[in-house]
Amino acid sequence: MRAPANTIGTTLNPATDLVTADLPAGTRPFPLALGTNVFGWTVGAPTALEVLDLFADDGGRVVDTADVYSAWLPGNSGGESEAIIGRWLARPGNRDRVVLSTKCGQHPDAPGLSRTSIRAAVEASLRRLRTDHVDFYFTHFDDDETPLDETVGALSELVDEGKILCAGASNYTGARLRQALEIAARDGLHPFRVVQVAYNLVRRGEYEGDVAAIVDHYGLAVLPHSSLASGFLTGKYRHEAGRGDSPRGSRALSYVTPQNQGTLEVVVEIAERLEVEPGAVAVAWLASRDNVVGALGSARTPRQLEGLLDAARIELTEGDLASLEAASRPVA
């Protein structure tokens, strides 16, 4: 097992406490959180189980999925990723090795964030995952057709029932996140404890300009998604010819701008010096940010995952962090 070197202060947030359980006091969480949207889509069950083994064996803690993964694939109905993870969790001892995260609100059989949909979604997820509780349970996207009071109340009930340990919000604006937290405080409910938000070296403005202040004020934990900018920060998609066979190729190429190319050059320079893949540097940078308890990244093969796991064995210097900060600072 590789041990991350950086340290942070203590916290009273149960979401962070779950991720740092069994770690020495002050130790930073494992930098990589495993995203599994590719399970049941571009990754079949045998390879997915190998990826999960490798991640847990190397010290990884957070495994993240969603009930809708991967309903978009012809022949799928949603829940394929959860079902594969459930096979792994059913192996003796595996459930206690990971912090399990899933999401609701997008599955065709339980759309939206009404109390009825949330309760139907969580029961279906628990069956597929073969567990009696989920550690982090996220609302996948905001639902402005359902009163926020109803959503917050339904999630709080699930915490009281022990079906989820921490409620989370994914892809919320700062204003809606604050509103949800104020509702919980007003009504004496369990609040959101953790957030997922698009955040990476070439996409900083949305989080830092809108959500970060709320995260700081309320002491929330953060699991950034899109950590590698759809693969752009791996260095594989610098021009049209680099699209390859990845379904993310077109999205990665959308990040090709002069500033982002400059940021990537700094990432690659640091990666070459440290003898790791550029993606490991991108993950390590996110892991160095305040309140981050794991940067979500996915892998289609164990070899791809090994490159990202190297984020746990490197330590970015103050000079590295300053260079990355300068190159990636959002332009007003």
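Counting from 1, the numbers follow the sequence of the chain as shown.
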- Query: Could D135 and R61 be called an ion pair, given the rule that one side-chain N must be under 4.0 Å from one carboxylate O?
  - Reply: no
- Nearest heavy-atom neighbours spanning L34 and F55: N-CZ, 3.7 Å
- Does the side chain of N291 come within less than 4.5 Å of L220's, by heavy atoms? no
- Is a side-chain N or O of S254 found less than 3.5 angstrom from the main chain of R251, in a donor-acceptor match? yes
- Item | Atom of R329, atom of Q259 and distance for their closest heavy-atom approach | O-NE2, 2.8 Å
- Looking at NE2 of H190 and CG of L158, how far apart are the two atoms once the value is rounded to the nearest 0.5 Å? 10.0 Å
- Going by an N to O cut-off under 4.0 Å, is there a salt bridge joining K163 and E123? yes
- Side-chain (E150) to main-chain (S114) donor-acceptor, under 3.5 angstrom: no
- Polar contact flag, side-chain donor to acceptor under 3.5 angstrom, T36-S81: yes
- Task: Indicate the atoms forming the closest heavy-atom contact of A299 with V38, along with that distance.
- Result: O-CG2, 3.8 Å
- Look only at the side chain of D143 and the backbone of L113, and say whether a donor-acceptor pair between them is shorter than 3.5 Å. yes
- Query: Can you say whether the rings of Y199 and Y207 are parallel (under 30°), tilted (30 to 60°) or perpendicular (over 60°)?
  - Reply: tilted
- Message: Looking at every non-hydrogen atom in both residues, tell me the closest pair between T139 and A169 and how far apart they are.
- Response: OG1-CA, 3.7 Å
- Item | side-chain contact (heavy atoms from CB on, under 4.5 Å) between V63 and W88, intermediate numbers included | CA-CA 11 Å; V63 174; W88 185 85; 5.5 Å; no
- Does any N or O in the side chain of S70 come within less than 3.5 Å of the main-chain N or O of W72, such that one atom is a donor and the other an acceptor? no
- Query: Is the shortest side-chain N to carboxylate O distance from R289 to E208 below 4.0 Å?
  - Reply: yes
- Query: Would R28 and E315 pass as an ion pair if we require N to O under 4.0 Å?
  - Reply: no
- Shortest non-hydrogen pair, C104 vs Y137, comes out as CB-OH, 3.0 Å
- Side chain of N171, backbone of D142: donor and acceptor closer than 3.5 Å? no
- All heavy atoms of E277 vs all of G307, minimum pair found to be CG-CA, 4.1 Å
- Query: Can you check whether V293 reaches L223 side chain to side chain, under 4.5 Å on heavy atoms?
  - Reply: yes
- Message: A side-chain contact here means heavy atoms from C-beta on lying under 4.5 Å apart; do Y69 and Q106 qualify?
- Response: no
- Query: Looking only at atom types and distance, does a side-chain atom of D160 sit under 3.5 Å from a main-chain N or O of E157, one as donor and one as acceptor?
  - Reply: no
- Run the numbers on S125 and H107 for side-chain contact (heavy atoms from CB on, under 4.5 Å), then give the verdict. CA-CA 10 Å; S125 288; H107 194 284; over 6 Å; no
- Message: Can you tell whether the side chains of R97 and D57 come within less than 4.0 Å, N to carboxylate O?
- Response: yes
- Audit row: R95, H133, side-chain contact (heavy atoms from CB on, under 4.5 Å) steps and yes/no: CA-CA 10 Å; R95 179 63 185 91; H133 74 280; 3.2 Å; yes
- Message: Under 4.5 Å between side-chain heavy atoms, counting indirect links through other Ile/Leu/Val/Met/Phe/Trp/Tyr residues: same cluster for V122 and V152 or not?
- Response: yes
- Message: Using modelled atom types and a 3.5 Å cut-off, is there a donor and acceptor pairing between side-chain atoms of Q304 and backbone atoms of P302?
- Response: no
- Message: Main chain of G44, side chain of T47: is a donor-acceptor contact present, judged purely on distance under 3.5 Å?
- Response: no
- Query: Got a sec: does the CZ of R204 have more than 12 other heavy atoms crowding it under 6.0 Å?
  - Reply: yes
- side-chain hydrogen bond (donor to acceptor under 3.5 Å, both in side chains) between T317 and D320, intermediate numbers included: CA-CA 5 Å; T317 66; D320 293 334; 3.2 Å; yes
- So, does N13 use its side chain to make a donor-acceptor pair with the main chain of G219 at under 3.5 Å? yes
- Which residues pass the side chain to side chain contact (heavy atoms under 4.5 Å, CB included) test with V202, sequence neighbours left out? N200, A229, F232, L233, Y255, N260, T263
- Query: Can E82 and T65 be said to form a side-chain hydrogen bond (donor to acceptor under 3.5 Å, both in side chains), step by step?
  - Reply: CA-CA 7 Å; E82 288 184 331; T65 185; 5.2 Å; no
- Query: Crowded around R186 CZ? As in, over 12 foreign heavy atoms under 6.0 Å?
  - Reply: yes
- Could you please spell out the steps behind the side-chain contact (heavy atoms from CB on, under 4.5 Å) verdict for L165 and R193? CA-CA 10 Å; L165 298 188; R193 296 291 192 179; over 6 Å; no
- Query: Can you tell me how far OG1 of T42 sits from CG of L73, rounded to the nearest 0.5 angstrom?
  - Reply: 9.5 Å
- Scan for salt bridge (charged side-chain N to carboxylate O under 4.0 Å, His left out) pairs involving residues 43-52, sequence neighbours excluded, and state none if there are none. none
- Message: Any side-chain to backbone donor/acceptor pair from S170 onto H140? Under 3.5 Å, distance only.
- Response: yes
